2 protein chains.
Amino acid sequence: MVTNGEHLVAKIFSRGDVFDPDCPTRVVLDRIGDKWTVLSVLLLSKGPLRFTELRDGIGRVAPKVLTQTLRRLQRDGLITREVFAEVPPRVVYTLTPLGESLIGPIRAVSDWAEEHMPAISAAQNSYDLDSA
Amino acid sequence: MVTNGEHLVAKIFSRGDVFDPDCPTRVVLDRIGDKWTVLSVLLLSKGPLRFTELRDGIGRVAPKVLTQTLRRLQRDGLITREVFAEVPPRVVYTLTPLGESLIGPIRAVSDWAEEHMPAISAAQNSYDLDSA
DNA sequence: AGTAGCTGGTTACCAATGGTTACTGTCGGC
DNA sequence: GCCGACAGTAACCATTGGTAACCAGCTACT
């Protein structure tokens with residue numbers, strides 16, 4: 001396994017650099033930017049959940065879109081997807097350790113959003129009034 | 001100014017709750033999800049920048065899209081936009097105190113992205129191999 | 001005098017992503 | 001035999017991101 005590639009000429013990125021347009025870190029930032037990723041991870045931080053539990057916890061999310069979100073999280077190794085061959089079917093989503101390591105940063109962002117939301121709403125209102 | 005609205009029946013949201021679909025916090029999370037918001041704020045965290053400096057710092061972003069991003073950040077009260085009537089024209093973008101308060105949470109996320117990017121890439125590869 | 005170029009955009013147009021509504025398959029209960 | 005629960009898919013729009021071309025105002029070059 002090649003983990004230390006700093007002697008190579010090509011960019012191998014053993015750590016990542018968000019300011020490099022060619023670095024896969026951009027993909028990671030895109031994922032966090034996916035509309036329901038943050039909420040899904042936050043919900044799963046309390047424990048494994050089923051599809052409908054996630055859907056109801058988020059509220060007003062189309063099943064297709066939630067499926068897309070969860071597939072991408074699974075592909076990124078942030079969650080696991082367990083299917084139980086029962087009737088009615090049961091699918092349980094669980095955070096992996098990698099996914100759990102994201103809880104801290106994500107919670108920082110959502111806490112910030114909750115705390116500063118009033119200020120942002122106020123700024124939006126005055127901006128809209130000025131340009132009206 | 002009404003800041004404590006907990007005695008009202010209607011939702012007035014003095015703080016925000018990301019799990020409530022009707023809460024404006026969702027708008028804030030959407031903004032962070034905008035493709036270039038995080039990078040723009042990170043770049044501006046080092047000091048005010050001009051339009052082209054931001055564009056070059058991000059790399060491969062269409063001017064139209066960068067303009068959209070910056071206007072939204074301005075509307076949210078996260079940055080200010082100063083125009084100097086010179087030739088050639090000069091426009092300087094600066095983080096507001098509100099914008100500066102976002103640096104911490106955003107840096108937590110981007111640091112996480114840089115640190116765990118190799119693990120994510122590996123997970124993606126094995127996922128793609130399995131489904132191939 | 002003509003023209004090319006810099007800055008910070010805008011406009012028109014196209015592609016990709018996100019989102020909504022409707023539908024599927026399986027089985028147990030009524 | 002029909003309904004509903006679960007975990008999705010299918011077909012179809014809407015929003016966003018991206019590209020290429022252009023503009024205004026002045027300066028500097030030829």
Side-chain angles (χ1 to χ4, degrees), chain A residues 18 21-22 24-41 43-44 48-76 79-94 124 127 131, chain B residues 21-22 24 26-41 43-44 48-76 79-94 124 127 131:
Chain A
V18 285
D22 294 324
T25 311
R26 295 291 175 98
V27 177
V28 179
L29 287 182
D30 275 3
R31 181 68 2 88
I32 285 160
D34 281 351
K35 197 159 188 178
W36 306 115
T37 298
V38 170
L39 281 173
S40 299
V41 172
L43 284 169
L44 288 173
L49 291 176
R50 306 178 55 173
F51 186 84
T52 42
E53 290 171 330
L54 279 166
R55 194 198 46 190
D56 297 346
I58 292 175
R60 291 209 271 292
V61 61
K64 188 195 85 169
V65 181
L66 183 55
T67 302
Q68 286 173 346
T69 302
L70 295 171
R71 286 292 139 77
R72 284 187 290 236
L73 288 174
Q74 186 189 358
R75 176 168 181 265
D76 292 344
I79 64 174
T80 58
R81 180 175 179 271
E82 283 174 292
V83 184
F84 296 87
E86 306 169 357
V87 168
R90 192 159 57 96
V91 178
V92 173
Y93 293 93
T94 312
Q124 288 176 349
Y127 182 96
S131 44
Chain B
D22 294 324
R26 295 290 175 97
V27 177
V28 179
L29 287 182
D30 274 5
R31 182 66 3 89
I32 285 160
D34 281 351
K35 195 159 188 178
W36 305 116
T37 298
V38 170
L39 281 174
S40 299
V41 172
L43 284 169
L44 288 173
L49 290 176
R50 306 178 56 173
F51 186 84
T52 42
E53 290 171 330
L54 278 166
R55 193 198 50 194
D56 297 346
I58 292 174
R60 292 207 272 289
V61 61
K64 188 195 82 167
V65 180
L66 183 57
T67 302
Q68 287 173 347
T69 303
L70 295 171
R71 286 293 138 77
R72 284 188 291 238
L73 288 175
Q74 187 188 357
R75 177 170 181 264
D76 292 344
I79 64 174
T80 58
R81 178 175 182 272
E82 282 176 293
V83 184
F84 296 87
E86 306 169 357
V87 166
R90 191 160 58 96
V91 178
V92 173
Y93 294 93
T94 312
Q124 288 176 349
Y127 183 96
S131 44

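FYI, side chains are in, hydrogens and waters are out, and symmetry mates aren't considered; it's all heavy atoms of this structure. Please read all numbers here as calculations on a predicted model, not as lab measurements. Reminder, nothing fancy here: chain letters follow the sequence lines and each chain counts from 1.
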Discussion item. What is the separation between atom CZ on B:Arg90 and atom P on D:dC26, rounded to the nearest whole Å?
Written reply: 17 Å

Worksheet item: Nearest to the side chain of A:Pro88, which nucleotide is it out of C:dG8, D:dC6, C:dT20?
Response: D:dC6

Item to complete: Describe the nucleic acid contact of B:Tyr93 in one word from base, sugar-phosphate, nothing, applying a heavy-atom distance below 4.0 Å.
Response: sugar-phosphate

Worksheet entry | Given DNA chain C, 5'-ward residue of the pair A:Pro63 and B:Leu70, judged by closest heavy atom | B:Leu70

Worksheet item: Separation of A:Arg55 atom CZ from D:dG8 atom P, in whole Å?
Response: 11 Å

Item to complete: Starting from C1' on C:dG19, measure out to CG on B:Asp30 and report it in whole angstrom.
Response: 12 Å

Worksheet item: Separation of B:Leu54 atom CG from C:dG8 atom P, in whole Å?
Response: 10 Å

Worksheet item: Does the side chain of A:Arg72 get closer than 4.0 angstrom to OP1 or OP2 of C:dG18 through an N or O atom?
Response: yes

Discussion item. Please report the distance, rounded to the nearest Å, between CZ in B:Arg60 and P in D:dT19.
Written reply: 10 Å

Discussion item. If the cut-off is 4.0 Å, is B:Arg50 near the phosphate of C:dC6, judged by side-chain N/O to OP1 or OP2?
Written reply: no

Item to complete: Answer with base, sugar-phosphate or nothing: what part of the nucleic acid does B:Arg81 contact at a heavy-atom distance below 4.0 Å?
Response: sugar-phosphate

Worksheet entry | For A:Ile32 against A:Val38, the heavy-atom pair lying closest together | O-CG2, 3.8 Å

Fill in: Any donor-acceptor N/O pair, A:Arg26 side chain to A:Val18 backbone, under 3.5 Å
yes

Worksheet item: For B:Gln68 and D:dG18, what is the distance between atoms CD and P respectively, to the nearest whole Å?
Response: 9 Å

Item to complete: Could you check how far CG of B:Asp34 sits from C1' of D:dT16, rounded to whole Å?
Response: 9 Å

Worksheet item: Once you round it to whole Å, what is the distance between C1' of D:dG17 and CD1 of B:Ile58?
Response: 13 Å

Discussion item. Can you tell me if A:Trp36 touches the phosphate of C:dG19, counting only side-chain N or O atoms and a distance under 4.0 Å to OP1 or OP2?
Written reply: yes

Practice prompt. Determine the minimum heavy-atom distance between A:Ile58 and B:Pro21, stating which atoms define it.
Written response: O-CG, 3.6 Å

Discussion item. Counting only side-chain nitrogens and oxygens, does A:Arg71 get under 4.0 Å of the OP1 or OP2 atom of D:dG8?
Written reply: yes

Item to complete: May I ask you to verify if any side-chain N or O of A:Lys64 is less than 4.0 angstrom from the OP1 or OP2 atom of C:dG18?
Response: no

Worksheet item: Contact class for A:Val91 (heavy atom, under 4.0 Å): base, sugar-phosphate, or nothing?
Response: sugar-phosphate

Discussion item. Under a 4.0 Å threshold between the charged nitrogen and the carboxylate oxygen, would B:Asp22 count as salt-bridged to A:Arg60?
Written reply: yes

Worksheet item: B:Thr69 side chain to B:Thr37 main-chain N or O, any donor-acceptor pair under 3.5 Å?
Response: no

Discussion item. Just N and O in the side chain of A:Thr52: are any of them under 4.0 Å from OP1 or OP2 of D:dA7?
Written reply: yes

